[in-house]
Each structure stands twice: as structure tokens, then as C-alpha cells.
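Reading through the C-alpha cells given below for one structure.
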Amino acid sequence: MGTAEQIINTQLQQPYIEIMDCTLRDGEQTSGVSFLPHEKLMIARKLLSEVNIDRIEVASARVSDGEKNAVSMICRYAQTIGKLDRVEVLGFVDDGLSIQWIRDCGAKVVNLLVKGSLKHCQQQLGKLPEEHIADVIRCVEMAVSSGLQVNVYLEDWSSGMRDSAEYVYQLMDALCQQQISRFMLPDTLGIMHPLQCVEYIRKMVRRYPDKHFDFHAHNDYDLAVSNSLAAVLSGCRGLHTTVNGLGERCGNAPLASVQVILKDHYNARTGINEDKLLDISRLVEGYSGIAIAPNMPIVGENVFTQVAGVHADGDSKNKLYYNELVPERFGRKREYALGKNSGRANIAKNLEELGLELTPEQTRKVTARITELGDKKELVTQEDLPYIVSDVLKHGISEERVRLISYLVSTSYGLKPGANIKVEIDGKQYEAGAMGDGQYDAFVKALRYIYKKYLGRTFPMLANYAVSIPPGGRTDALVQTIITWQFEDRLVKTRGLDADQTEAAIKATFKMLNIFEDETNPKKP
């Protein structure tokens, strides 16, 4: 058999798993999260056109006029790129009101929410199973006659299988006779573990082998991703996710994690463009205001950073500490942290990236200095490394072109804070004063004045400013200031450490200014 035939046969053996992302509906149920209509459109555009998600659930019907506007905009966009059938809206058994709302928005798919457990049917609706089933069938028929494709959520299905399986089967037996494309099985309360997930889904698949089942996980026990894998292993053909795991209570299964576990642990095929996962993650982080944990798999800031020196050493020896989750797969790169656990291998990796060559003895001295800083809890960045090298070796590997000569900052009750500064840039001194909303703000305004008036230039914009006390600190603990700067099309992060918050911020600022000078105004030989 030829190579091409082998590849084709291998692909045919790989199951294709549909991914429906619910960020714009279920993810918006995260406490404190409410997307504006244009934000919903931007997220939907990226999911459909760049991430290439199979389906998106964008809203619940009849929520608000703003929601209707958002769904209408998304549908119009999806229509222009030929993907309107991928846009889905949650609807309710409400005598056709949801159906009309969805049609008015221009959508073509309704995800009908029905009661998947006997207790929900009896206690929430106050109806007998036969009554609820009749209502559901009538709603499905209305939707189909209106030209909508119908999927059905069995709400609280996991509890239903545990406590009232016969009710679930009674409901399914009736609905299987209707024009329903997918049956979606939610673990609404996040109560299942993977073995239960396998048991319940296999029962459904065996009883209804010709039906398409989706699984919708919740993360109350931190098992959403594990249960999602169990679901496809048991016969589900679709999974529901949210970007960054947003969702009610503890959230849903994160899109990035589900994608990699499907590909690497199940050998499944999806339509996802993995190199776009970080982009959609950052977009949703910005709009939602929910920060991504640094150690969140795939999209966290630190997940491709090696801290231990032995790992860096192993990486240089035939990539001994690599797994399938290589950063390049997701449009990222591996980094080597600088701190008390670094060792010479980590230092060497960072020096190599910067193009700095040191002797073994020089590397030992720099390593000792970084270890000392790590013992004080300071985080050392790659941008810091040239300055540490210069400080330790005293031979000008990195020249300090911008220096603070002196400064005075003041604050008084009822008056705006002020700053007077004197700086030296390439051997020439400049002075300026300014008022600001805070001491550091006044300091930066004075700096900007110097750069504009005397040099005819502006320096990078401040993109983010964070202050923290290193873990284990006391009332006299050092303050760490981490500032992110916008350098044209990229971000640069610098850190300062001092007992005084303003002083720490000033140190971080001058680290940035020296990087800025070297990159934008290189010294002539």
C-alpha cells in the first residue's frame, strides 16, 4: 500500500468531533460578565473565521433588545461568509415565543431546552412527563414548520440518568420520532465523574445508536475536560466548550484544553486552527475582565516557561523535557525563567536568545546574582538580563544610556501630586516638572515632556501597571511593580523592586527606557 493510501486510511479511521463553543451564551453566565453587542460580534467573527469552530451558541432567546441586536449582527456576518448554519440560539418551550424571536434575528438553528430529569419536570414545571413531552413536540413542530433546524438540550440529564433513567428514555423515545438533528446531554450541575459519564453515555448510544449526541460539561469538580474525553470515548460526536472555561459557577470545559486532549489522547480530528487559540483567549480575557491564570494549560502566560535549570539542560540534550504540547504548535515559543531555581542552563538559554556570549566563569557569576535576586522573591525577566550582566561583570555589555540623576515627588491633601526630575540621556542632562493624578503619573508626565520638548520623540505607552508584595512579605516587605509597555506592535514587560512603590515603578520605567533607546535610537559607532 502506498504512502498516500496509508494517510487516507488513517484519516478515515480518525473520528471527527464537532466542537460547539458556548462562550457567548453559557460563558456570559459567569458572574460579572456581560458582553456588549459589538464585543459579541468580534468574538463570533474570530471563532468562525479564524479559529474555525464548528458551531457557536450565541445567546438565549428573549433576554433583551441588546441581545437581539447582537444575535442579528452575528447572523448577518455569518450569512456573508456562508456560515449561518453554525450560529445557534438557546430557545425555550414557550408556545413559540422563542421560535419567533430567533426567526426575527435571522438565525436558522434553535437549541431547545427541555427537562432532562423527572424532578425538573415535576418540581420546576409542575407537569406530568406526558404533558411536558406534548409541549416539547408541539414546539419542535412549530420550529420545523418555521424553517428552523432543531437541536435539543436535555437539561439536568446527568441527574436524570442517575435518579430517573426511565423518564429520560420515555422522553427520548418520543423525541426520536421528531425532526431533531442533535441531542445534547448536559451535566448541568457538574456532578459526574468520568466513569459515570462513560456509563450513562454508553447507555444512550446503545439505546439510540443512530442519533447524534453532544456532551456539555460543567467544571464544579474540576472534571469538565476529563468528562469531555470520557464522553467521546463513549460515543458522543460533539462537545461543548467555552473560551478560557468561562461559565456559571466553576465554568465549562475550556476550548483550548478540549482541543488538545482530543487530538493528543483520542487521535480525533477537529476543524480547530490551534495557532489561533491564544488570540481568541486574549480577546475574551479583555472583553470579559476575567484574567487568564498564568498556569492555565495552552493559553496561560507561564505554561511554556521552564523554571528548573535541569529542565533547560535536558532541553538542550535532545529535548528531554518536551511533550506533544510544543509552544510553536500554538504560535508561541518556549521560555526559560530566571530565578533561584534557574541554574546555568536556564541562563545560557536566555543569553543565547539575546545573542550574549559569556565565559563559564562569567555565567557562574551571573547565575549567582540571579539566585540572590530569586531568594528576595524578585522576578527576573529576559529584558533584565543584560543589566544584571553589566552590573555583575562591570564591563559594559549593556550601557545605561538613560539614567536618573535626581527626583522629587510630592503629594498634599487637596492638591495634585507633583514631580521634579533630572535625567541624563546619552550623557546630556535634562530637567522638567509636572503635575499628575498620582506621584508616578506626575513622574511619567515629566519624562514625556523631556522626550517631546528636548528630543522631539515620544516613548512607549503604558499598557498595564500591577503592584504586588512578594509572597511571604511583612509590613516592611519589598514592593514589586510590573509594568507592561506598548512598543509599536509588541508588548514589553519590565519589573522594579523596592521598599517604596513609586521607586519600584521608577526602576521599571528606566529599564524600559534603556531598552527603548537601544531599539529606536541606536548609538552610532
Side-chain angles (χ1 to χ4, degrees), residues 18-61 63-91 102 105-111 214 216-219 224 238-248 251-260 270-293 296-301 330-331:
E18 279 188 355
I19 305 292
M20 182 174 85
D21 189 83
C22 309
T23 303
L24 299 178
R25 198 276 298 175
D26 217 7
E28 199 176 29
Q29 292 176 202
T30 306
S31 179
V33 173
S34 179
F35 298 119
L36 297 172
H38 80 275
E39 293 174 339
K40 281 200 161 193
L41 176 62
M42 292 300 101
I43 293 170
R45 286 172 64 104
K46 190 171 285 287
L47 283 169
L48 290 173
S49 63
E50 297 183 24
V51 180
N52 195 38
I53 204 84
D54 293 290
R55 298 146 55 202
I56 56 174
E57 189 175 51
V58 298
S60 298
V63 169
S64 67
D65 290 338
E67 197 79 330
K68 193 171 189 178
N69 181 37
V71 176
S72 298
M73 287 195 299
I74 292 170
C75 288
R76 286 195 294 271
Y77 168 73
Q79 180 75 54
T80 64
I81 62 171
K83 294 183 177 181
L84 183 57
D85 60 334
R86 299 192 184 196
V87 178
E88 305 177 11
V89 181
L90 183 72
I102 292 168
C105 292
K108 296 296 183 182
V109 184
V110 56
N111 294 338
D214 281 5
H216 181 103
H218 278 266
N219 205 36
L239 292 174
H240 297 184
T241 66
T242 58
V243 177
N244 300 337
L246 293 183
E248 198 165 22
N252 295 28
L255 169 61
S257 298
V258 167
Q259 163 62 23
V260 298
T270 69
I272 303 298
N273 292 325
E274 292 184 336
D275 61 350
K276 300 299 182 182
L277 290 173
L278 182 62
D279 290 345
I280 188 65
S281 177
R282 295 287 165 81
L283 180 67
V284 171
E285 179 186 38
Y287 284 158
S288 68
I290 304 296
I292 303 168
M296 186 173 187
I298 313 307
V299 296
E301 182 178 359
F330 309 103

Checking [X] side chain against [Y] main chain: does a donor-acceptor pair fall under 3.5 Å?
X: Arg86; Y: Ile53; value: yes
X: Asn244; Y: Ser281; value: yes
X: Lys46; Y: Asp279; value: no
X: Asp54; Y: Met20; value: no
X: Asn52; Y: Asn273; value: no

Say you draw a straight line from [atom1] of [X] to [atom2] of [Y]; how long is it, rounded to the nearest 0.5 Å?
X: Leu246; Y: Arg25; atom1: CG; atom2: CZ; result: 13.0 Å
X: Glu18; Y: His240; atom1: CD; atom2: NE2; result: 8.5 Å
X: Ile19; Y: Leu47; atom1: CD1; atom2: CG; result: 12.0 Å
X: Glu50; Y: Ile272; atom1: CD; atom2: CD1; result: 12.5 Å
X: Tyr77; Y: Met42; atom1: OH; atom2: CE; result: 8.5 Å
X: Cys75; Y: Lys108; atom1: SG; atom2: NZ; result: 9.5 Å

To check you understand the geometry: which heavy-atom pair defines the closest contact between [X] and [Y], and what is its length?
X: Ile102; Y: Ala61; result: CG1-CB, 4.2 Å
X: Pro37; Y: Asn69; result: CB-ND2, 4.0 Å
X: Cys105; Y: Lys68; result: SG-CG, 3.5 Å
X: Glu39; Y: Tyr287; result: OE2-CD2, 3.5 Å
X: Phe35; Y: Val284; result: CZ-CG1, 4.5 Å

| said: Distance alone, cut at 3.5 Å: any donor-acceptor contact between the side chains of Gln259 and Thr270? | reply: yes
| request: Determine whether the side chains of His216 and Asp26 contain a donor N or O and an acceptor N or O closer than 3.5 Å. | output: yes
Compare all side-chain heavy atoms of [X] with those of [Y] and state whether any distance is below 4.5 angstrom.
X: Gln79; Y: Leu84; answer: yes
X: Ile74; Y: Leu41; answer: yes
X: Val89; Y: Val58; answer: yes
X: Leu90; Y: Glu57; answer: yes

| request: For Val87 and Val109, run side-chain contact (heavy atoms from CB on, under 4.5 Å): C-alpha distance rounded to whole Å, both residues' side-chain angles, the deciding distance at 0.1 Å, then the answer. | output: CA-CA 7 Å; Val87 178; Val109 184; over 6 Å; no
| Verdict with reasoning, Lys40 to Glu67, per salt bridge (Lys or Arg N to Asp or Glu O under 4.0 Å) | CA-CA 9 Å; Lys40 281 200 161 193; Glu67 197 79 330; 2.8 Å; yes
| said: If we check side chain to side chain donor-acceptor pair (under 3.5 Å) with Arg55, which of these qualifies: Asp21, Asp214, Asn111? | reply: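 Exactly one candidate clears the test, Asp214.
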| Can you tell which of Thr242, Val299, Thr241 makes a side chain to side chain contact (heavy atoms under 4.5 Å, CB included) with Leu255? | Thr241
